[in-house]
Number of protein chains: 2
Amino acid sequence: MVRRSIPDIVVGRLPVYLRALSFLLAEGRQITSSQELGDRLGISSAQIRKDLSHFGEFGKQGTGYDIAFLYDQLRQILKVDRMWDVVLVGAGNLGKAIADYGGFAGKGFMITAIFDNDPDKIGKPMGINNLIVRDVSELANAIRSSEIKIGIIATPARDAAAVAKAMAEAGVKAILNYAPITITVPAGVRVQYIDPVVGLQRMTYYL
Amino acid sequence: MVRRSIPDIVVGRLPVYLRALSFLLAEGRQITSSQELGDRLGISSAQIRKDLSHFGEFGKQGTGYDIAFLYDQLRQILKVDRMWDVVLVGAGNLGKAIADYGGFAGKGFMITAIFDNDPDKIGKPMGINNLIVRDVSELANAIRSSEIKIGIIATPARDAAAVAKAMAEAGVKAILNYAPITITVPAGVRVQYIDPVVGLQRMTYYL
DNA sequence: TAGATTGTTAATCGATTAACAATC
DNA sequence: TAGATTGTTAATCGATTAACAATC
């Protein structure tokens, strides 16, 4: 059987489903339905069932979905049933906030190295894991020796392209880019963008 | 003539075009083409032309687009050719990083009030504009009296729903939500989400 | 003029939804 | 069994792309 490749847009919704399931779990709930999930997330129940059907059958007719089971299944599918080492470049205000963020650990990610090009920042401890900020010139070697696959860019826009290039050449395959600029990466490398200005400007049109 | 409503997905790309144009401007360039823009952004030139065509004719056959002109036009379309007051709720690590961020001012946004529910934070100055953090109980009145339309939520997940509700009831129509939870808002209120975990989990599937 | 690029049309491609048989 | 909800199909809806006349 040829496993038809799954649309990016479907994969992109799974983390949102996962997050909702995690809240349901925390509320002590056992069972949910595509209807309930859809209501919570503002999407149709049909879409949730269709999305999940790409990966298998996870529910029971007449009953719905076992929350803990579906949660585990989605974590496996998304490969966040493990810990991923993440490298962070940029130790300014934003980098510090990211390094201080406590929300990664429970979701499959751990920042294990922080880099900057500012001599005033290099050598100082940062973040919840008290990592020593290292010189960005060591970035490529650090990625290679630890086989790190995930990078976060929190530099000014002007440095982002060079950092992305260095990351990709050293073997990073997934980049979370906080710099407000579109970056070009080789095929096989994925980028997700976080830009609050873009978020805000997507809404002002409707005001 | 009935102005056919423009797809959200098209509006959503305009800020990205705007950002690219802003870089071209900064490089001192005069003219660009849908081809060049597309190459930079990793999308097809046809899509750029089609997107722009929803709003008017901005280019010249044989030549392309005047960068400064198109930049101005998109700023008008997106209504970021003015300054929007923005209210920020949450003065923790994340809220502080947002308040310290210097990238809003040039893009149409200014944080003019910050709220928290922690007595240790209330009354202290914060951010690049040295705003005094206020008690979240004053939030609704502050929004109403200043007619603020845009809010940023940077609270823990457990508080986000209540804050969103208060914002919407007081007249906010656009919410940038950093809390890692889907929020429900009345019709006519828009939400954009910023969740780094979702961003990362959208990529691990492919690793 | 010759070359280049737009704006737009029509075709293609892909995503969402409605509906329902299957079945718990 | 009766009621509920899944998984899936087919239809609908919407977005993207290719192609090209228009025209600068």
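Keep in mind it's a predicted model, so treat the numbers as computed, not measured. Throughout, a chain's letter reflects where its sequence line sits, starting with A, and its residues are numbered from 1.
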Self-check item: First-last contacting nucleotides on DNA chain C - partner chain A, under 4.0 angstrom, heavy atom
Solution: C/dA15 to C/dC24
Self-check item: Upstream residue (5' side of DNA chain C) when A/Ser44 and B/Ala46 are each assigned their closest nucleotide
Solution: B/Ala46
Exercise. Starting from Watson-Crick (N1-N3 plus N6-O4 or O6-N4) and G-U wobble pairs under 3.5 Å, report the runs of at least three that DNA chain C belongs to.
Key: C:3-24 with D:3-24
Quiz item: CD of B/Glu27: more than 12 outside heavy atoms within 6.0 angstrom?
Solution: yes
Quiz item: Short question: side chain of B/Asn141, backbone of B/Ser145 - any donor-acceptor pair under 3.5 Å?
Solution: no
Quiz prompt | Side chain A/Trp84, main chain A/Ile148, donor-acceptor under 3.5 Å | solution = no
Quiz item: Start at the 5' end of DNA chain C and walk down; is the nucleotide closest to A/Asp8 or to B/Glu57 reached first?
Solution: B/Glu57
Quiz item: Near DNA chain C, which residues from residues 61-77 of chain B have a heavy atom under 4.0 Å away?
Solution: B/Gln61, B/Gly62, B/Thr63, B/Gly64, B/Tyr65
Self-check item: Donor-acceptor pair, side chain of B/Asp116 and main chain of B/Ala91, under 3.5 angstrom
Solution: yes
Exercise. Might you confirm whether atom NZ of B/Lys96 has over 12 heavy atoms from other residues, nucleotides or ligands at distances under 6.0 Å?
Key: no
Practice problem: Please identify each residue that fulfils salt bridge (Lys or Arg N to Asp or Glu O under 4.0 Å) with B/Arg75, with sequence neighbours left out. | Solution: none
Practice problem: Could you tell me whether the side chain of B/Gln192 and the main chain of A/Val198 form a donor-acceptor pair under 3.5 Å? | Solution: no
Quiz prompt | Interface with DNA chain D, restricted to residues 26-37 of chain A and to heavy atoms under 4.0 Å | solution = A/Ser33, A/Ser34
Quiz item: Around atom CD of A/Glu138, are there more than 12 heavy atoms of other residues, nucleotides or ligands at under 6.0 Å?
Solution: yes
Quiz item: Would B/Asp39 and B/Gln35 satisfy side-chain hydrogen bond (donor to acceptor under 3.5 Å, both in side chains), going step by step from the backbone distance to the final call?
Solution: CA-CA 6 Å; B/Asp39 287 349; B/Gln35 179 71 53; 3.2 Å; yes
Practice problem: Please list, chain by chain and in numerical order, all residues satisfying side-chain contact (heavy atoms from CB on, under 4.5 Å) with B/Gln76, sequence neighbours excluded. | Solution: B/Gln73, B/Asp81
Quiz item: For A/Arg29, does the CZ atom have more than 12 heavy-atom neighbours from other residues, nucleotides or ligands under 6.0 Å away?
Solution: yes
Quiz item: Does NZ or CZ of B/Arg134 fall inside the cone over B/Phe115's six-membered ring, less than 6.0 Å from its centre and within 45° of the axis?
Solution: no
Self-check item: Any donor-acceptor N or O pair under 3.5 Å, side chains A/Asp66, A/Tyr71
Solution: no
